[in-house]
Amino acid sequence: MTIKPVPSISSIGVVAEESIRDECSGKVPQSVTDMWESLSPEVRTALIASELKVDSSNLKQTQRDRSESSTPTVLSRSSSELFFDQSSSSCDSSKELDGVAQVEKCPVSGAKVVLTPVERAPKNVFAFTKTQSLEKSEVVKTSSATVTTTTKVVSTSRGWRNIFSLPISYDVNMVAHGTLFDNVNSQLLDATGVHPEGYNTRFAVVDTEVEALYGDKLRSYFEHKGIELTVCVVNGGEADKRSEAVDKILDDLCAYKLRRREPFLAIGGGCVLDIAGMAACLYRRGVPFVRVPTTLLAIVDASVGVKNGIDYCCAVTDETYKNRVGSFYAPSACLLDPAFIASQDARNISNGFGEILKLALVRSSDLFDLLEAHGKTLIDTRFEDESLRTAGVSSRIIDLSIQIMLEELGPNLWETKLDRCVDYGHTFSKLLEMVPGADIMHGEAVNVDGFFCIVLSYLRGYIGMDTVNRVFACMKSLLLPTNSSDLELELAWQSCKDAIEHRHGEQRIPLITEIGESVCVSDITEEELERALDMMKTFDH
């Protein structure tokens with residue numbers, strides 16, 4: 001939305017009065033004058049702008065001609081800068097005029113909105129008046145004539161608009177391989193903020209598995225720097241991603257007495273980062289936190305964006321909804337040390353590749369080529385193959401994945417645009433993950449969803465069978481599942497219905513047009529899903 005300036009009320013009034021006198025040959029009836037004076041300044045402005053249609057250039061000249069003999073009343077000392085762009089507007093801007101007030105048209109009601117910046121906060125707070133004209137016609141037919149009566153009702157309202165653009169800036173830092181807990185590396189300590197001399201305590205939320213593997217190194221790091229570290233240990237499984245985990249962190253933060261601007265550390269996989277981010281958003285209505293991902297999946301996915309959340313168990317429907325409760329809340333920083341990947345087993349590393357392959361399919365054929373050629377070796381060696389590290393292959397795959405995610409998320413952090421290619425693999429996977437007793441990880445579910453969408457893309461004629469086979473072979477080389485016994489028609493169709501709810505009235509399901517390119521569609525039918533499921537059965541999963 002671009003808000004345009006219009007002349008001040010008094011200056012328009014002068015021109016309006018002259019225009020009325022001109023039309024009346026210099027003689028204004030007293031009844032007209034009385035009626036005009038009885039109107040509020042806001043209503044006068046709206047009527048003048050809509051009915052008299054004062055020409056901007058003529059208005060400027062008239063104001064200049066009268067400037068020597070009269071001083072118009074100024075409503076505010078300064079005008080607001082443009083504070084919305086077109087993509088986030090709620091109203092359409094009007095024709096630009098001169099002055100301190102600003103006018104726009106609301107696309108919902110059609111009301112004319114006149115905004116005036118207030119003196120003490122002219123860039124943020126605006127007093128407004130809304131004027132809306134409604135016409136109603138009534139037709140009465142008699143034996144002798146047809147009478148049409150048109151009634152015009154003009155209503156006005158007033159209030160204030162508060163505008164504040166939230167500044168978002170956070171660094172995603174690549175840490176030299178395996179050096180995060182080195183005493184000579186100050187990145188971890190620096191990320192916890194600047195504190196007064198003598199303030200020698202810090203707080204960290206740590207994944208249970210990370211505590212077992214790296215707890216001693218973590219404490220030793222801070223002890224070496226004279227810092228007492230308080231650790232809150234939480235389980236990092238999907239089943240633990242509940243409100244109880246958030247409550248545990250909040251309890252420990254209260255006991256620790258975290259200061260309002262003191263960042264705390266969140267160290268673990270994606271679930272722990274989501275839980276800790278949720279707690280950070282809630283505690284004192286928002287405190288800074290630092291993400292330290294320790295899994296391949298978290299490094300390329302959960303650590304990069306601003307979303308946090310937990311699964312919600314609804315007492316009314318008796319169902320559990322994945323990530324149904326959450327927030328958009330950015331970390332103060334992210335520290336990524338790829339050496340953590342070596343502590344994962346093959347299945348967990350493969351799970352991370354589920355998200356990386358998704359990005360390759362929708363955005364980057366170069367990334368797909370790297371996965372196709374080297375993915376299996378990276379899984380087998382846990383990203384520790386010396387030749388691939390020396391050649392920069394492992395770091396290139398991680399760097400490309402992070403950059404693609406940031407490129408897609410950065411301009412759309414609050415998801416105001418719901419056609420998102422990064423939602424590939426996230427339509428049917430949500431329900432697959434929530435099937436009771438299902439042994440499937442997030443990246444695995446994303447990949448099953450992703451291959452199902454490959455088949456849908458083929459059936460629509462977007463890609464050829466050679467592309468289907470190539471993608472299938474790459475998925476198998478990455479040890480990723482390509483089908484699930486739970487992926488049946490009822491679940492698939494319900495997923496489409498849930499997508500319509502989640503994506504505001506449309507399916508917006510990303511499909512592949514070629515490797516590295518995608519398109520969002522909203523017209524997938526139940527019959528189409530059934531044909532795709534039948535075709536899925538023909539593959540040697």
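In this text the structure is predicted, and so the values were computed from the model without any measurement.
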Pairs touching residues 382-392 that satisfy salt bridge (charged side-chain N to carboxylate O under 4.0 Å, His left out), sequence neighbours left out: E384-R389
- request: Please find out if less than 6.0 Å separates the ring center of F383 from that of F353.
  value: yes
query: Is the NZ or CZ atom of K225 both under 6.0 Å from the centre of the six-membered ring of Y221 and within 45° of that ring's axis?
result: yes
Sequence neighbours excluded and cut-off under 3.5 Å, please list the side-chain donor-acceptor pairs for residues 396-403, or say none.
| unit_1 | atom_1 | unit_2 | atom_2 | d |
| --- | --- | --- | --- | --- |
| S401 | OG | I397 | O | 2.8 |
| Q403 | NE2 | E407 | OE2 | 3.2 |

message: According to salt bridge (charged side-chain N to carboxylate O under 4.0 Å, His left out), who are the partners of D366, at least two apart in sequence or on a separate chain?
response: none
message: Consider side-chain hydrogen bond (donor to acceptor under 3.5 Å, both in side chains). Of E355, K430, E238, which one does H442 pass it with?
response: E355
Summary of salt bridge (charged side-chain N to carboxylate O under 4.0 Å, His left out) pairs that have at least one residue in residues 181-196, sequence neighbours excluded: none
message: Under 6.0 Å between ring centres: does that hold for Y256 and F203?
response: yes
field: Any residue meeting salt bridge (charged side-chain N to carboxylate O under 4.0 Å, His left out) with E262, in chain and number order, not counting sequence neighbours
entry: none
field: For D486, salt bridge (charged side-chain N to carboxylate O under 4.0 Å, His left out) partners two or more places apart
entry: none
message: Can you confirm whether S332 sits close enough to Y170 that some side-chain heavy atom of one is under 4.5 Å from a side-chain heavy atom of the other?
response: no
- request: Check whether any side-chain heavy atom of I227 lies under 4.5 Å from a side-chain heavy atom of L189, and answer yes or no.
  value: yes
query: Roughly how far, to the nearest 0.5 Å, is the CG atom of D240 from the CD1 atom of I275?
result: 6.5 Å
